[in-house]
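A note on names: the letters A, B, ... follow the listed sequences, proteins ahead of strands, and every chain is numbered from 1. Only heavy atoms go into these numbers, but all of them, side chains included; no hydrogens, no water, no symmetry mates.
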2 protein chains.
Amino acid sequence: MPATLQPKSQILNSLVRAFRRNGYDGASLSRLSDETGLKRASLYHHFPGGKEEMARAVLISANTNFQEAVLGALDQPGTPKQRLVAMAAALSNFYDGGKETCLLALMTTGEGREVLAPQVREGLTGWINTLASVLEQAGQPQASARERAQDAVARVQGALVLSRGLGDTKAFERLVARLPHDLLA
Amino acid sequence: MPATLQPKSQILNSLVRAFRRNGYDGASLSRLSDETGLKRASLYHHFPGGKEEMARAVLISANTNFQEAVLGALDQPGTPKQRLVAMAAALSNFYDGGKETCLLALMTTGEGREVLAPQVREGLTGWINTLASVLEQAGQPQASARERAQDAVARVQGALVLSRGLGDTKAFERLVARLPHDLLA
DNA sequence: GTCTATAATAGGATAGAC
DNA sequence: GTCTATCCTATTATAGAC
């Protein structure tokens, strides 16, 4: 029996989950099929380019989600400190308190890394640039604002690696709590 | 024709390279065979448990290499500052200036993550503990030394992710340069 | 200790019916 | 838009010769 029709956004969310849990190499078409509830051939109808096209679409989708949920907090009214605190909270929520992986980090390894590299870079630089502009608004010189923003993103990525590797999200929680203060110190 | 006999340590080094470049899922037996110069069946002679056993052995080997090359720098005579500077230099060398991946981080994803988790944790905690003990010797209270050591490891991991994702090792180089000072500040 | 040969399974992808 | 059926290749693993 055919699966019930579902909007493409819902298919994409399922694919995001699957890639996030398994990485590029681990996200086999069988798993993508199970996660979406669509047979392999149906996935090829939506994504004629196969797994590679799915991964590209997933990166675009996840990047959009991230911009709305996390970077959007930086566009709200308020002092830089308030906005950074809001971003930290959104960040914690986005990564489920450190239990979820970052798709961008995941996509830097595996078979698809070369083709996906431009989109990974775009996602990371967007994040860094948005963060840097807030720090500039807080009065930091452009060059140091940029470095701090880069370091902040690196600390988030590292905390996620450590939380996963240690099986303990304390490092991530501590980072989220300190990040707003550290960025403005 | 049979490959020339090679010591197990040399086989292991080849396997480390292959897993480091491809991750667990991407390190197929064909690639492991190519990298070692041994046919698949010969690999099963050395590692009857197959890929999983190879990954376990690779983690042990890489962990030993890391302890000797990087953590060993912390056991040399000198002030804490001098020893941390030596570690930072060894770190930069171990990760080829930010161009090489960390096997521990890589093994937190993919098919083998559950079985390899204990060894990944062991590698990370060994690193953290050694670093924390140096910070205690420098006069820091135990609790904050531990947190700082954890954060330092996280920053290294994050810098490696960022360097790979941006295709630019500046973030890693900057971290290595600042790490000794930041840890003692 | 290494090899060739082989088996069984899983992976990516396509054709064509409904 | 989804499906079944099929294809080819790659993957993991084993048996047994040398």
Side-chain angles (χ1 to χ4, degrees), chain A residues 1-59 61 106-107 109-116, chain B residues 1-59 61 106-107 109-116:
Chain A
M1 75 204 140
T4 55
L5 280 168
Q6 51 180 334
K8 194 142 183 172
S9 65
Q10 193 177 325
I11 297 174
L12 266 173
N13 284 338
S14 301
L15 291 179
V16 168
R17 269 197 304 278
F19 275 102
R20 219 175 168 181
R21 274 210 290 271
N22 301 291
Y24 186 85
D25 288 333
S28 66
L29 290 194
S30 299
R31 279 176 170 155
L32 299 173
S33 172
D34 288 347
E35 187 70 41
T36 55
L38 291 173
K39 296 294 177 187
R40 271 177 279 220
S42 303
L43 288 174
Y44 275 93
H45 170 76
H46 292 283
F47 307 95
K51 187 170 163 175
E52 201 177 297
E53 186 179 343
M54 294 183 220
R56 272 196 292 267
V58 154
L59 274 178
S61 171
L106 223 46
M107 292 304 191
T109 61
E111 204 66 57
R113 80 195 105 98
E114 289 98 342
V115 270
L116 300 174
Chain B
M1 75 201 143
T4 55
L5 281 168
Q6 52 180 332
K8 193 140 183 175
S9 65
Q10 194 177 323
I11 298 174
L12 267 172
N13 284 338
S14 302
L15 292 178
V16 167
R17 271 195 304 277
F19 274 102
R20 217 174 169 182
R21 274 210 292 270
N22 300 290
Y24 186 85
D25 288 332
S28 67
L29 290 194
S30 298
R31 280 176 169 156
L32 297 174
S33 171
D34 288 347
E35 187 71 42
T36 56
L38 291 174
K39 296 295 180 185
R40 273 174 284 218
S42 302
L43 288 174
Y44 277 93
H45 170 77
H46 291 284
F47 307 95
K51 189 170 161 175
E52 202 177 298
E53 185 179 345
M54 293 184 221
R56 272 196 293 267
V58 154
L59 275 179
S61 171
L106 222 47
M107 291 304 192
T109 61
E111 203 65 57
R113 80 195 105 99
E114 290 99 340
V115 269
L116 301 175

Is any side-chain N or O of A/Lys51 closer than 4.0 Å to OP1 or OP2 of C/dG12?
yes
Round to the nearest Å and state the distance from B/Asp25 atom CG to C/dG12 atom C1'.
15 Å
Whole Å only: how far is the CD atom of A/Glu53 from the P atom of C/dA13?
11 Å
Does any part of the side chain of B/Leu59, heavy atoms only, come nearer than 4.5 Å to the side chain of B/Phe19, both counted from C-beta?
no
Would you say D/dT11 has OP1 or OP2 under 4.0 Å from some side-chain N or O of B/Ser28?
yes
Any side-chain N or O of A/Ser42 under 4.0 Å from OP1/OP2 of D/dC3?
yes
Assign each of A/Pro48 and A/Ser30 the nucleotide of DNA chain C bearing its closest heavy atom; nearer the 5' end lies the nucleotide of A/Ser30
In whole angstroms, how far is the P atom of D/dT12 from the NZ atom of B/Lys39?
16 Å
Is B/His45 close enough to C/dG1 that one of its side-chain N or O atoms is under 4.0 Å from OP1 or OP2 there?
yes
Does any N or O in the side chain of A/Gln6 come within less than 3.5 Å of the main-chain N or O of A/Thr36, such that one atom is a donor and the other an acceptor?
yes
Rounded to the nearest angstrom, tell me the gap between atom NE2 in A/His46 and atom C1' in D/dG1.
6 Å
Whole angstroms only, please: what is the CG-P distance between B/Leu29 and C/dT6?
19 Å
Choose from C/dC3, C/dG12, D/dT2 the nucleotide whose nearest atom is closest to any side-chain atom of B/Leu38.
C/dC3
Within the 4.5 Å heavy-atom criterion, are A/Lys8 and A/Phe47 side-chain neighbours or not?
yes
Main chain of B/Ser28, side chain of B/Arg31: is a donor-acceptor contact present, judged purely on distance under 3.5 Å?
no
CA sep, side-chain torsions, deciding dist, call: B/Arg56, B/Leu116, side chain to side chain contact (heavy atoms under 4.5 Å, CB included)
CA-CA 7 Å; B/Arg56 272 196 293 267; B/Leu116 301 175; 3.7 Å; yes
Calculate the interatomic distance between A/Arg40 atom CZ and D/dC8 atom P; express it in whole Å.
16 Å
Among C/dA15, D/dT12, C/dG1, the one nearest any side-chain atom of A/Ala41 is C/dA15
From NZ of A/Lys8 over to P of D/dT2, roughly how many Å is that when rounded to an integer?
10 Å
Taking only the side-chain nitrogens and oxygens of A/Tyr44, find out if one of them lies under 4.0 Å from OP1 or OP2 of C/dT14.
no
Rounded distance in Å - CZ (B/Phe47) to P (C/dT2)
11 Å
